[in-house]
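As the structure is a prediction and not an experimental result, all values here were calculated from the model.
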Amino acid sequence: MTDKIKLKDLSWTGNSKKMFDEIMDNLPTMYRAAVKKKFEVWCNQKQVTEISEYNIIHTLEKYAPKKIQEKFMPIYQKYKSEEN
């Protein structure tokens, strides 16, 4: 059995960590733990340990409700440095 992947175990490319951190900082406090847990679950399901800017935009587009996408898409745009 492999160890569970945690946020601290991830490596981040481009500005993906800045994007993730700013999005987390702008979430209502009551949702932060749930979003963090969901992200870790996804990493474990996919066995992903390297997070790219594409992973951030893809997650927003696939999982976030439209109003949340509209709120956080400017954060993605502000830091985008990688071609997807």
Side-chain angles (χ1 to χ4, degrees):
M1 183 174 155
T2 60
D3 290 334
K4 294 282 185 190
I5 298 167
K6 300 286 185 190
L7 283 180
K8 66 179 179 60
D9 302 323
L10 300 176
S11 60
W12 305 80
T13 66
N15 291 322
S16 58
K17 181 70 166 127
K18 287 180 186 177
M19 292 172 180
F20 181 82
D21 288 344
E22 190 164 328
I23 288 169
M24 292 298 287
D25 288 346
N26 284 282
L27 279 173
T29 306
M30 62 191 264
Y31 295 117
R32 290 179 189 168
V35 170
K36 177 184 171 192
K37 181 67 176 169
K38 183 73 171 166
F39 196 75
E40 287 178 344
V41 166
W42 178 85
C43 289
N44 281 283
Q45 287 174 340
K46 304 291 184 184
Q47 286 299 292
V48 172
T49 57
E50 183 175 274
I51 305 301
S52 68
E53 293 175 8
Y54 170 78
N55 296 127
I56 302 298
I57 187 70
H58 177 73
T59 301
L60 278 173
E61 291 174 341
K62 185 167 182 169
Y63 299 107
K66 193 72 171 158
K67 285 187 176 188
I68 299 297
Q69 288 181 31
E70 291 169 1
K71 180 177 180 180
F72 293 124
M73 202 57 72
I75 294 171
Y76 170 79
Q77 293 298 334
K78 177 169 73 171
Y79 292 115
K80 183 178 188 278
S81 69
E82 297 175 337
E83 289 300 318
N84 297 328

[atom1] of [X] to [atom2] of [Y]: how many Å apart, nearest 0.5 Å?
{"X": "I57", "Y": "S16", "atom1": "CD1", "atom2": "OG", "result": "12.5 Å"}
{"X": "Q69", "Y": "K62", "atom1": "CD", "atom2": "NZ", "result": "12.5 Å"}
{"X": "I68", "Y": "L60", "atom1": "CD1", "atom2": "CG", "result": "9.5 Å"}

Paired with I56, the side-chain contact (heavy atoms from CB on, under 4.5 Å) test is passed by just one of F72, Y79, F20, namely F20
Give the minimum heavy-atom separation between [X] and [Y], together with the two atoms involved.
{"X": "G14", "Y": "S81", "result": "CA-OG, 3.9 Å"}
{"X": "K4", "Y": "D9", "result": "O-OD2, 3.8 Å"}
{"X": "T59", "Y": "N55", "result": "OG1-O, 2.6 Å"}
{"X": "I5", "Y": "C43", "result": "CD1-O, 3.7 Å"}
{"X": "E22", "Y": "K78", "result": "OE2-NZ, 2.9 Å"}
{"X": "E82", "Y": "K80", "result": "O-NZ, 3.5 Å"}

Min side-chain heavy-atom separation [X]-[Y] under 4.5 Å:
{"X": "I23", "Y": "V35", "value": "no"}
{"X": "W12", "Y": "D21", "value": "no"}
{"X": "K17", "Y": "I51", "value": "no"}

Between E53 (side chain only) and Y76 (backbone N and O only), is there a donor and an acceptor less than 3.5 Å apart?
no
Going only through I, L, V, M, F, W and Y residues with side-chain contacts under 4.5 Å, is there a path from Y31 to F39?
no
Is it possible for you to say whether M24 and M73 belong to one hydrophobic cluster, with membership spreading through side-chain heavy-atom contacts below 4.5 Å?
yes
Is E83 atom CD crowded by more than 12 heavy atoms from other residues, nucleotides or ligands, each under 6.0 Å away?
no
For atom NZ of K18, decide whether the heavy atoms of other residues, nucleotides or ligands shown that lie under 6.0 angstrom number more than 12.
no
